[in-house]
Structure formats: structure tokens, C-alpha cells
Amino acid sequence: MPELPEVETIARSLRSGGVGGRNDLSIPGRRVKSASVLWDRTIAQPQPVEFEKRLVGQTVGEVGRRGKFLTIHFDRDILLVHLRMSGDLRVEPDEIQLNQTHDRVLVSFEDGIRLAFNDTRKFGRMWLTDQPEKVLGNLGLEPFDPTLDAEAFHQQISRHRRQLKPLLLDQSFLAGLGNIYTDEALHLARLHPLVIASRLNFEQSSRLLQAIRQVLSEGIQRNGASIDWVYRGGEFQNVFRVYQRTGQACPVCGTFINRMVVGQRGTHYCPVCQSLEQPAAQRQEGAHG
DNA sequence: CATCAACCCTGAGAGC
DNA sequence: TGCTCTCAGGGTTGAT
């Protein structure tokens, strides 16, 4: 399931033409010849027929990412793509036969290259709009936003009397974390998924912010995680600490990893490293800068 | 404000 | 072998 690192990896490959940097398959500068929607519900906005018409003639500009959304700028509109569970984008020459069972949207460029949106479970969505804020407006800060320092993060997290796991999954709190990186970050920060956010002290929330950034950085460095049907060369799955490692040894202490359901999501954690009870010896390193 | 469940989907894996 | 059942998961929606 694509989260921030996977979406970032895809954005980079659309810009540079593949993870390896093949310029012949990058999309900026290409002009749309035609578009076809193969599964109507993939298009959230506008109507599929208008989507197809409006894209024709527009040229790709900047390709970026906001949270888990891909932002593909065109002359007049921005194409927003959310991959949800199983979405994937391919850039390939028209000659390659469309033998893919689950292609949902095709965008053909004038120079014989096309962009294909493939999505097994049909949860992915696209918006073609000149008002991207209407779609992205509720997103929280980017985890790497430079204005998000330890103080700001602690202030934010103190406002919520929710459990950490659902809070971190809430895209209006922080944009980009999904189930994998949330579990990984909580383990790295040695925090139990059910801890109430507002009860974190400064040292704990700082640790959490740092852990979030570290696991996301690791994910990006490894081109994301490749699991389920979506394989795109990522390798982060090889270094999962807790995610989908139920019953296996915690890399830190060797205890068996537990699994429970939190907010309808499978949640993996080490019962020893991430104890709900704060260790009695926990120091109060309160006097921060 | 927070929690919970249903919904959208498919295919993998279990059980029979 | 092949059928049926359960489950996973991001985000939205509506109820409590």
C-alpha cells in the first residue's frame, strides 16, 4: 500500500524516467494526445468524459507529491492521483501491448509514450482540477516540513486526546503516514500504539517525530516497500522491524512481535519495547532548550 | 472531539 | 480440484 515513501518514489521516477533514471520515460514536457477512462469510478472529478476531453492538448509540467497524493501539473489543471491500496503508475511506449488486467486509466502522449494507471482493487482516485486546494486542503503538515520542530510537534500532539496509532494515520494531523510506517515509527520511538497522544511528554514526542522522519527516510532511500501486488523495486520490506512480523523476534530485544487491531487496522508492536506502562526509571528530561 | 462500523474492491489463503 | 468464507487496507461517510 503506497504511503509517503512509495508515492515519493513514483513521483521521482515520473520526473526522471524510472528509478534508474531513464530519461526516455520521464513525463514532464510531454503533451497529451488522448486519454481514456476504463473504470469510471477511478475519476473523482470531473465526469470521466470531461476528464478525457480536458486533458487533451495539455502539457505536463512539474511532478510532485503532497501527503500520499501525486501532483502532476498541466497547463491549466493539476492531476491529483491517490493510489490508495493497490494503485500503480507505469510509463511505457505505446507499442507495449496492454495485457494488464487492471489498467483503469490511460493517458497517451504525442510522442508515443503513455501513462497507465493500474489498480487491482479499484480504490485509487484521480482528480483533474484547477483548484487542488479543494482536494488537498484538509491535509496536515508534511512530516519533513521545516517549520515542524520538536516544540511545534509537541504542541500539536498535546491537543489530541486520541490514541497514537489512529492519530498518526489521520491525514489531517500529519500527511503521508500509513499503516506500515506508523507501526515502524512507533516501534522505533518505543511508544505503545494505544498511548494517549496528549499524555506524551516533550522527550517522548520529540522521539516520535524523529522516528517518523527516520523510517520515512529509510523508506525513501530504499525506494519504498514492495508488498502485495504492487512491486516496483522497493526494498524497505526487507528491513521491517515489526510490520507483518507477528510472532517473529523483535530486532531490539528478541521478544515475539504482537498483533492487535486498532481503529480497524492491523497493528504490530513489541510488547516489551513498547510497553503501555512507562518504565519507572523514565527520566524527566523536561528542561529542553 | 473521539470512536465505531459500513462501504468501496479484489485476490490470497484457509477450510472443507 | 474447486467451492465458499474471511480478511486486508486508505479514506469517506454517517451514527453514537
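Chain A is the first sequence line, chain B the second, and so forth, proteins listed ahead of strands; every chain is numbered from 1.
No side-chain donor-acceptor contact under 3.5 Å links Q45(A) to the backbone of T129(A).
Rounded to whole Å, the distance from CG on D40(A) to P on dC8(B) is 17 Å. Regarding L194(A), its CG atom lies at a distance of 16 Å from the P atom of dA2(B), rounded to whole Å. Between D119(A) atom CG and dC8(B) atom P there is a gap of 16 Å when expressed in whole angstrom units. F173(A) places its CZ atom 11 Å from the P atom of dA2(B), with the value rounded to the nearest Å. In this structure, E6(A) places its CD atom 14 Å from P of dG9(C), rounding to the nearest Å. Across the protein-nucleic acid pair, N179(A) atom CG and dG9(C) atom C1' stand 7 Å apart, rounded to whole Å. As a whole-Å value, the separation of R41(A) CZ from dG10(C) P is 19 Å. Look at CG on L139(A): it is 11 Å from C1' on dG11(C), rounded to the nearest Å.
Other residues sharing the hydrophobic cluster of L139(A), ordered by chain and number and joined by side-chain separations under 4.5 Å: F69(A), I78(A), L80(A), W127(A), V135(A), L136(A). Residue F256(A) shares its hydrophobic cluster (ILVMFWY side chains chained together at separations under 4.5 Å) with no other residue.
The ring pair (Phe, Tyr, Trp, His ring centres under 6.0 Å) check on Y181(A) picks up F236(A), with sequence neighbours excluded. Judged as a salt bridge (Lys or Arg N to Asp or Glu O under 4.0 Å), and not counting sequence neighbours, the contacts of R66(A) are E142(A). Residues forming a ring pair (Phe, Tyr, Trp, His ring centres under 6.0 Å) with F173(A) (at least two apart in sequence, or on another chain): H160(A). Residues satisfying the ring pair (Phe, Tyr, Trp, His ring centres under 6.0 Å) test with H268(A), not counting sequence neighbours, are Y243(A).
For the residue pair E184(A) and V242(A), the shortest heavy atom distance occurs at OE2-N, 3.0 Å.
An OP1 or OP2 oxygen of dG11(C) is reached within less than 4.0 angstrom by no side-chain nitrogen or oxygen of R121(A). H82(A) has no side-chain polar atom (N or O) that falls below the 4.0 Å cut-off from OP1 or OP2 of dG10(C). Phosphate proximity of dC9(B) to H102(A): absent, as no side-chain N or O sits under 4.0 Å from OP1 or OP2. Between dT10(B) and K122(A), a contact under 4.0 Å exists linking OP1 or OP2 to a side-chain N or O. Here H160(A) reaches the OP1 or OP2 of dA2(B): one of its side-chain N or O atoms lies under 4.0 Å away. One finds no side-chain N or O of Y181(A) lying less than 4.0 angstrom from the OP1 or OP2 phosphate oxygen of dG10(C).
Remark: nothing in residues 211-219 of chain A comes within less than 4.0 Å of DNA chain C through any heavy atom.
Comparing atom distances between the T120(A) side chain and each of dG10(C), dT10(B), dA2(B) picks out dT10(B) as nearest. Side-chain proximity of M85(A) to dG10(C), dC9(B), dA2(B): nearest is dG10(C).
Note on residues 245-266 of chain A: pairs passing side-chain hydrogen bond (donor to acceptor under 3.5 Å, both in side chains), not counting sequence neighbours, are N258(A)-Y269(A). Applying the side-chain hydrogen bond (donor to acceptor under 3.5 Å, both in side chains) definition to pairs two or more places apart or across chains, those involving residues 209-219 of chain A are Q214(A)-E218(A), E218(A)-R241(A). Residue pairs meeting the salt bridge (charged side-chain N to carboxylate O under 4.0 Å, His left out) criterion with at least one partner in residues 152-167 of chain A, sequence neighbours excluded, are R162(A)-D170(A), K165(A)-D183(A).
Under the stacking definition used here (centres under 5.5 Å, planes under 30°), the residue F123(A) fails to qualify as stacked on the base of dG9(C).
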Output a table of nitrogen or oxygen pairs between the protein and nucleotides 12-16 of chain C separated by less than 3.5 Å.
none

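Two end axes, each from the C1' atoms of five base pairs, can be drawn for the helix from dA2(B)-dT16(C) to dC16(B)-dG2(C); they diverge by 50°, to 10 degrees.
Two residues, R104(A) and P166(A), neighbour DNA chain B, and the one matched to the more 5' nucleotide by heavy-atom proximity is P166(A).
Here the CD1 atom belonging to I212(A) is positioned 7.5 Å from the CG atom belonging to L186(A), to the nearest 0.5 angstrom.
Within 6.0 Å of CG on N138(A) lie no more than 12 heavy atoms contributed by other residues, nucleotides or ligands.
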